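These numbers come from a predicted model, not from an experiment. Letters A, B, ... mirror the listed sequences (proteins, then strands); counts begin at 1.
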Amino acid sequence: MAWTLHHAHRWDVSVPEAIRIQEQLAPLVREEPLPAAPTLVAGVDMSVRQQRVQAAVVVLRLPDLTVVDQAIWRGPVDFPYVPGLLSFREVPAVIAALERLQARPDVILADAQGRAHPRRLGLASHLGVLLDLPTVGVAKSRLVGTHEPPGPEKGATAPLFHGEELVGMVVRTRASVRPVFVSVGHRITLDQAVALTLACTTRYRLPEPTRLAHLASRRAAGPNQEA
DNA sequence: GCGACAG
DNA sequence: ATCTTGTCGC
């Protein structure tokens, strides 16, 4: 599937240049209601091994969460992991994997932050702006912000603040299990992002789209033969 | 100056 | 993220 990139830019940049690009794209992020109830939800993730990346994307249909499409892309790693600049390491590979899809998802869930980022442009937001598609960030841990612990029951939430700004929600997707950090990626409201995350969650901590994408990327990396 | 720090 | 097996708890 061909994707039109909006506000495209170079990826082979220095850290200062990457930060500058984030500052230019952040104002383009739109927190607004979805145009319609989503049917096709994609999850994206990536694994790295031996200087190679395996990006995976899995598309599921709501409300049954049936897998309707998926794709894998392998390539070289060319940007280091730098806290705050994760998108420069993963987005190129994720877009390459998305190009291999047959289906067009209505929204994408990423295993990362959206607006809950120092410059309000986490990987989910960066991806959303480039594709001009609704995206949600569902991270396993906190990058920025403070919060109270959400209740122990499934579905409990607590606001995540960065200074005075509400940048996300800490969501308990499973009873008595460490919560996840949900934030708006692009073209969705925080409430919808949380509702969608819960609608995609079954018996595991992570919602099915990203959980399955994670499994797919690691299967693509192959079994550990080293060490 | 000293920590913190998505994956 | 990745290196790594079994095990304790809900």
Mind checking if [X] touches a base, just sugar-phosphate, or nothing, with heavy atoms under 4.0 Å?
X: A:Ala139; result: sugar-phosphate
X: A:Gly84; result: base
X: A:Leu85; result: base
X: A:His214; result: sugar-phosphate

Worksheet item: What would the secondary structure line of DNA chain B be in dot-bracket form, counting Watson-Crick and G-U wobble pairs under 3.5 Å, with [ ] for pairs that cross earlier ones and | for pairs with another strand?
Response: .......

Discussion item. Below the 4.0 Å mark, does B:dA6 have OP1 or OP2 next to a side-chain nitrogen or oxygen of A:Lys140?
Written reply: no

Worksheet item: Are A:Arg142 and B:dC5 close enough that a side-chain N or O sits under 4.0 Å from OP1 or OP2?
Response: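 Yes.
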
Expressed in angstrom and rounded to an integer, what is the separation of [X] atom [atom1] from [N] atom [atom2]?
X: A:Asp78; N: C:dA1; atom1: CG; atom2: P; answer: 19 Å
X: A:Gln51; N: C:dA1; atom1: CD; atom2: P; answer: 18 Å
X: A:Glu90; N: B:dG7; atom1: CD; atom2: P; answer: 9 Å
X: A:Leu215; N: C:dA1; atom1: CG; atom2: C1'; answer: 15 Å

Discussion item. Pairing donors with acceptors under 3.5 angstrom, does anything connect the side chains of A:Thr189 and A:Glu31?
Written reply: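 Looking only at side-chain atoms, A:Glu31 and A:Thr189 do not form any donor-acceptor pair under 3.5 Å.
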
Worksheet entry | Salt bridge flag under 4.0 Å for residues A:Arg211 and A:Asp45 | no

Worksheet item: Do A:His186 and A:His6 have their ring centres less than 6.0 Å from each other?
Response: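 Here the rings of A:His6 and A:His186 have centres that are no less than 6.0 Å from each other.
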
Worksheet item: What is the per-nucleotide protein-contact pattern of nucleotides 5-10 of chain C, from the 5' end, where B denotes a base atom under 4.0 Å from a protein heavy atom, S denotes such proximity for sugar-phosphate atoms only, and - denotes neither?
Response: ------

Practice prompt. Assess A:Arg89 against A:Trp11: is NZ or CZ under 6.0 Å from the centre of the six-membered ring, and within 45 degrees of the ring's axis?
Written response: no

Discussion item. Under the criterion of centre distance below 5.5 Å and interplanar angle below 30°, is A:Tyr81 classified as stacked on the base of B:dG7?
Written reply: yes

Worksheet item: Which one, B:dG7, B:dA6, B:dC5, comes nearest to the side chain of A:Asp45?
Response: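 Selected nucleotide: B:dG7.
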
